[in-house]
Every structure is written in C-alpha cells, then in structure tokens.
Amino acid sequence: MKGKTCIVTGANSGIGFQTARGLALKGAKVFMICRNPAKGQKALETILAEVPAAELELVIADLSSQKQIRRAGASILDQTDQIDVLVNNAGAWFSKRTMTEDGIESVFAVNHLAYILLTHLIYPALQKAPEARIINVSSDNHFDTKIHFGNLYLDKKYNGLRSYAQSKLGNVLFTYELDRRKTDKHITVNALQPGLVKTDIGLKHTLWLHSFVWKLRRSGGVSPEEGAKTSLYLATSDEVKGVSAKYWDKCKPKPSAKLSHNTEAASKLWDISMELCGIDDFFKPI
Ligand SMILES: NC(=O)c1ccc[n+]([C@@H]2O[C@H](COP(=O)([O-])OP(=O)(O)OC[C@H]3O[C@@H](n4cnc5c(N)ncnc54)[C@H](OP(=O)(O)O)[C@@H]3O)[C@@H](O)[C@H]2O)c1
C-alpha cells in the first residue's frame with residue numbers, strides 16, 4: 001500500500017482503529033477521521049509507536065453534523081488530490097432517539113447519510129486514483145428489516161435496534177445503487193459485515209440495560225483486530241481488484257438481504273438521501 005492514500009472514519013477505536021493500523025502497517029498514508037480530538041490523537045500516537053514511519057493525518061469531525069463532514073472533506077481535498085481507499089466505518093447505536101443539529105435522527109445521520117455525503121465529497125479524489133475502492137461497513141443486522149419510508153426517523157415507534165438495522169440496510173442499498181449509477185469502472189464499491197466484534201459500540205449512547213446486554217453479547221465476539229480483517233482485505237487485496245457491488249463476510253462474498261437488491265427501494269432511498277444531504281448531483285465535483 002506504499003504510495004496509496006486512504007481514509008478511515010471512526011478510526012480511534014474498535015474496527016476502525018484496527019483498519020487504520022492495518023493500513024499503516026502496510027505503508028499506506030491514512031487520514032483518520034475521528035470525532036474526539038483527544039481520542040483521535042491517542043489512537044494516532046498508538047499507531048505511530050508501533051509504526052514510527054506511518055503517515056497519519058488526524059481529521060476531527062463529528063459525522064452527525066453535515067457542516068463538519070463538509071469541512072472534513074474540504075480539509076482532506078486541500079491536502080491531497082488522490083484517494084485510493086475510503087472506508088466508511090464510523091457507526092453508532094442509540095438507546096434513545098436523538099436528533100442531530102441538522103434535524104435528522106442520529107443513527108440515520110451517522111450510520112447512513114454520513115457515508116453518502118463523505119463519499120460524494122471525496123469522489124473527485126477517488127476518480128483520480130488509478131484504481132479506487134469504497135468500502136462500506138454494514139452488518140448482518142440489515143437482514144430482516146426494511147427502510148421505513150414515511151417514518152425514516154422512527155418518530156412513531158423508536159427502537160435502537162430497528163434504527164440501527166435500518167441504517168445498515170441503507171449501507172447495502174447505497175453500495176449497490178452507487179455501483180449501478182457510477183460510470184467510473186476503476187472505482188469499486190463494496191459492503192461488508194465484520195462479524196460480532198468485542199467493541200464498545202453498545203456502551204456509548206445506551207441505557208444500562210442495553211449496555212449490560214451488549215457486554216454479555218460481545219463476550220462471544222472476536223477481537224477488533226479480527227473484526228477489521230474483511231475491511232483490510234477489501235482495501236488491500238489484489239484478489240478483489242475490479243470486484244464491485246458485493247457483500248462480504250470473513251473475506252468472502254455472500255448473499256445480502258433480498259430487500260437490499262430492491263432497485264426501487266434503493267433509488268427511492270438514494271433520492272431522499274441526496275435531498276437530506278443537500279447534494280444536487282452526486283458525481284458533480286464541488
Ligand atoms: N462491533 C460489532 O459487533 C459490529 C458488528 C457489525 C457491524 N459493526 C459496524 O462496525 C463499525 C465500527 O463499529 P465498532 O464496533 O468498531 O464500534 P466503536 O468501537 O464504537 O467504533 C465506532 C467508531 O465510530 C465513531 N463514531 C461514532 N459516532 C460518530 C460521530 N458522530 N462522528 C464521528 N465518529 C463517530 C466512534 O467514535 P467515538 O469513539 O468518539 O464514539 C468510533 O471511532 C460500525 O459501522 C458498526 O455498525 C460492528
């Protein structure tokens with residue numbers, strides 16, 4: 001990966017940290033997008049301690065804020081013309097329904113819309129790479145759910161799992177729809193599920209009962225290093241050169257939910273997401 005430039009969102013902890021670390025170990029330059037400056041700096045220093053020659057840039061952005069996503073995108077484009085790999089990884093789980101400063105339900109904003117807006121902003125730099133890869137970290141939670149059109153923010157019946165599952169289905173629908181719409185053959189876009197991974201995702205914005213359940217559940221999971229393997233495989237392996245619009249698990253493609261192949265739902269969600277992100281033309285450089 002020497003000479004390649006990557007972006008990893010949510011790079012300070014869990015799967016995102018291990019993805020940034022793995023890319024740095026392979027010689028890539030990595031933009032680490034993190035929300036919290038202190039946590040981001042600590043993560044960067046941890047990688048540097050192991051890989052002193054690592055080229056790392058910390059970009060601070062709360063991805064629930066479209067203003068901050070736009071600022072982060074502009075800051076990265078100021079520093080580089082070319083991005084080879086974008087890993088949309090940052091994700092969250094909220095017990096209680098909360099709204100962002102943009103008036104969007106937080107899980108939908110961070111887990112779904114932020115992937116789309118950042119990809120749009122960075123797209124011109126992906127076009128400049130000889131071969132570029134977009135990797136969307138989804139989850140098997142996307143099975144057995146739907147997009148709640150008409151109640152996207154679940155204001156009628158909020159449930160943390162339902163909101164999370166919807167956002168993860170959104171990741172797969174976005175992946176396939178982007179592949180259908182893009183004309184750049186040298187840019188691939190794939191979604192993946194990392195498996196059950198021992199991270200703190202279920203402890204950050206959760207009520208004590210949900211935290212307790214997550215602690216029990218994650219005890220059966222794999223380490224974040226193991227959980228990052230599919231992201232790293234998709235980012236670095238020659239075996240997936242040119243492979244696009246697939247859903248991956250344990251470094252192998254597997255079928256995603258039936259609904260994720262529904263082109264009508266994908267197109268409808270695309271249009272709504274563009275409007276919510278204020279994007280006129282996804283492929284038009286800003
Ligand atoms: N763990 C699992 O079993 C599992 C299973 C399937 C899919 N996934 C997916 O894997 C991805 C990574 O999750 P993880 O398990 O590694 O959890 P994690 O350790 O909590 O990592 C999530 C990362 O996203 C960041 N993030 C959350 N909200 C953000 C915001 N508003 N702005 C900027 N960054 C934000 C977090 O930053 P802070 O540290 O500041 O919160 C953290 O760096 C997620 O997309 C998740 O849905 C995880």
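Ligands are counted one by one from 1 in listed order, and the atoms in each one are counted from 1 as well. Bear in mind that the values here come from a model prediction, so they are computed numbers and not experimental data. We count residues from 1, following the sequence as given.
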Q. Does Lys268 count as lying over the ring of Phe149, i.e. NZ or CZ under 6.0 Å from the six-ring centre, within 45 degrees of the axis?
A. yes
**Q.** Val110, portion touching ligand 1 at heavy-atom distance under 4.0 Å
**A.** side chain
Q: Would you tell me which option among Thr199, Ile33, Leu203 has the nearest heavy-atom contact to atom 14 (P) of ligand 1?
A: Thr199
**Q.** Ion pair Asp179/Lys182, N-O distance below 4.0 Å
**A.** yes
Q: Please identify which atoms of ligand 1 are closer than 4.0 Å to at least one heavy atom of Tyr115.
A: 45 (O)
Q | Distance from atom 7 (C) of ligand 1 to nearest protein heavy atom, with residue and atom | A | Ser138 O, 3.2 Å
(Q) Among all the protein's non-hydrogen atoms, which is closest to atom 47 (O) of ligand 1, and how far away is it? (A) Tyr164 OH, 2.5 Å
Q. Is it true that Arg21 and Glu50 make a salt bridge, defined as a side-chain N closer than 4.0 Å to a carboxylate O?
A. yes
Q | Selected option - heavy-atom contact closest to atom 45 (O) of ligand 1, from Asn89, Asn36, Thr19 | A | Asn89
Q | Aromatic ring pairing Phe94/His205, orientation class (parallel under 30°, perpendicular over 60°, tilted between) | A | parallel
Q.
Quick one, Arg217 with Leu196, criterion side chain to side chain contact (heavy atoms under 4.5 Å, CB included). Give me CA distance, side-chain angles, the key distance, then yes/no.
A. CA-CA 8 Å; Arg217 188 164 150 61; Leu196 176 62; 4.0 Å; yes
Q) Which ligand 1 atoms are under 4.0 Å away from a heavy-atom of Asp62? A) 30 (C), 31 (N), 32 (N)
Q) Is it true that Lys67 and Asp62 have a side-chain N and a carboxylate O under 4.0 angstrom from each other? A) no
Q. Looking only at distance, does Lys168 have an N or O less than 3.5 Å from an N or O of ligand 1?
A. yes
Q: Within a distance under 4.0 Å of any heavy atom of Val137, pick out the atoms of ligand 1 and give their elements.
A: 9 (C), 10 (O), 11 (C), 45 (O)
(Q) Using a 4.0 Å cut-off to any heavy atom of Ala61, which atoms of ligand 1 qualify? (A) 32 (N), 33 (C)
Q.
Need the ligand 1 atom indices (1-based, order shown) with element for anything under 4.0 Å from a heavy-atom of Leu196.
A. 3 (O)
Q.
Salt bridge check, Glu45 against Lys42: does any charged N sit closer than 4.0 Å to a carboxylate O?
A. no
Q.
Is the contact between Arg218 and ligand 1 made by the side chain, the backbone, both, or neither, using heavy atoms and a 4.0 Å cut-off?
A. neither
Q | Criterion side chain to side chain contact (heavy atoms under 4.5 Å, CB included) on Asp140 and Tyr247, from CA distance to verdict | A | CA-CA 10 Å; Asp140 270 4; Tyr247 181 70; 2.6 Å; yes
Q. Considering only protein heavy atoms, which is closest to atom 13 (O) of ligand 1, and at what distance to one decimal place?
A. Ile201 CD1, 3.8 Å
Q. Does one side chain, of Ser64 or Ser106, offer a donor that lies under 3.5 Å from an acceptor on the other?
A. no
Q. What's the shortest distance from atom 3 (O) of ligand 1 to any protein heavy atom, and which residue and atom give it?
A. Val197 N, 2.8 Å
Q) Which residue holds the protein heavy atom closest to atom 37 (O) of ligand 1, what is that atom called, and what is the gap in Å? A) Asn12 OD1, 3.5 Å
Q: Identify, for atom 38 (P) of ligand 1, the protein heavy atom at the shortest distance, and state residue, atom and that distance.
A: Arg35 NH2, 3.2 Å
(Q) Against Asn136, only a single residue in Asn171, Asn88, Asn190 fulfils side-chain hydrogen bond (donor to acceptor under 3.5 Å, both in side chains); can you say which? (A) Asn88
Q. For Val197 and Gly227, which heavy atoms make the closest approach, and how far apart are they?
A. CG2-CA, 3.8 Å
Q.
Under 4.0 Å, heavy-atom basis, I'd like to know which part of Phe94 is in contact with ligand 1: side chain, backbone, both or neither.
A. neither
Q) Should the pair Lys128-Asp81 be classified as a salt bridge under the 4.0 Å nitrogen-to-oxygen rule? A) no
Q.
Are any of the N/O atoms on Ile15, whether in the backbone or the side chain, positioned under 3.5 angstrom from an N/O atom of ligand 1?
A. yes
**Q.** Where ligand 1 meets Pro194 - atom numbers and elements under 4.0 angstrom, heavy-atom basis
**A.** 5 (C), 6 (C), 7 (C), 8 (N), 48 (C)
(Q) Give me the nearest non-hydrogen protein atom to atom 26 (N) of ligand 1 as residue plus atom name, then the distance to 0.1 Å. (A) Ala90 CB, 3.9 Å
Q. Is the closest basic N to carboxylate O distance between Lys241 and Glu239 below 4.0 Å?
A. no
Q) Backbone, side chain, both or neither: what part of Lys204 comes under 4.0 angstrom of ligand 1, heavy atoms only? A) side chain
Q: Measure from atom 5 (C) of ligand 1 to every heavy atom in Ser139, Gly195, Ala114, Ala11 and give the option owning the shortest one.
A: Gly195
Q) Taking the six-membered ring for Trp, are Phe283 and Trp270 parallel (under 30°), tilted (30 to 60°) or perpendicular (over 60°)? A) parallel
Q) How about Ser75 and Arg70: does a side-chain donor come under 3.5 Å of a side-chain acceptor? A) no
Q) If you count the atoms of ligand 1 from 1 in the order shown, which ones are under 4.0 Å from a heavy atom of Ser64? A) 31 (N)
Q: Quick one: look up the protein heavy atom nearest atom 42 (C) of ligand 1 and list residue, atom name and how far away it is.
A: Ser13 OG, 3.3 Å
Q: Output the list of atoms in ligand 1 that are nearer than 4.0 Å to some heavy atom of Leu63, sorted by atom number.
A: 30 (C), 31 (N), 32 (N), 33 (C)
(Q) For the residue pair Thr175 / Tyr115, report whether a side-chain donor-acceptor contact shorter than 3.5 Å exists. (A) no
**Q.** Phe17 and ligand 1 - part of the residue with a heavy-atom distance under 4.0 Å
**A.** neither
(Q) If the contact criterion is a heavy-atom separation under 4.0 Å, does Gln68 count as touching ligand 1? (A) no
Q: Name the option, out of Gly14, Gly10, Gly91, Cys34, that contains the heavy atom nearest to atom 27 (C) of ligand 1.
A: Gly91
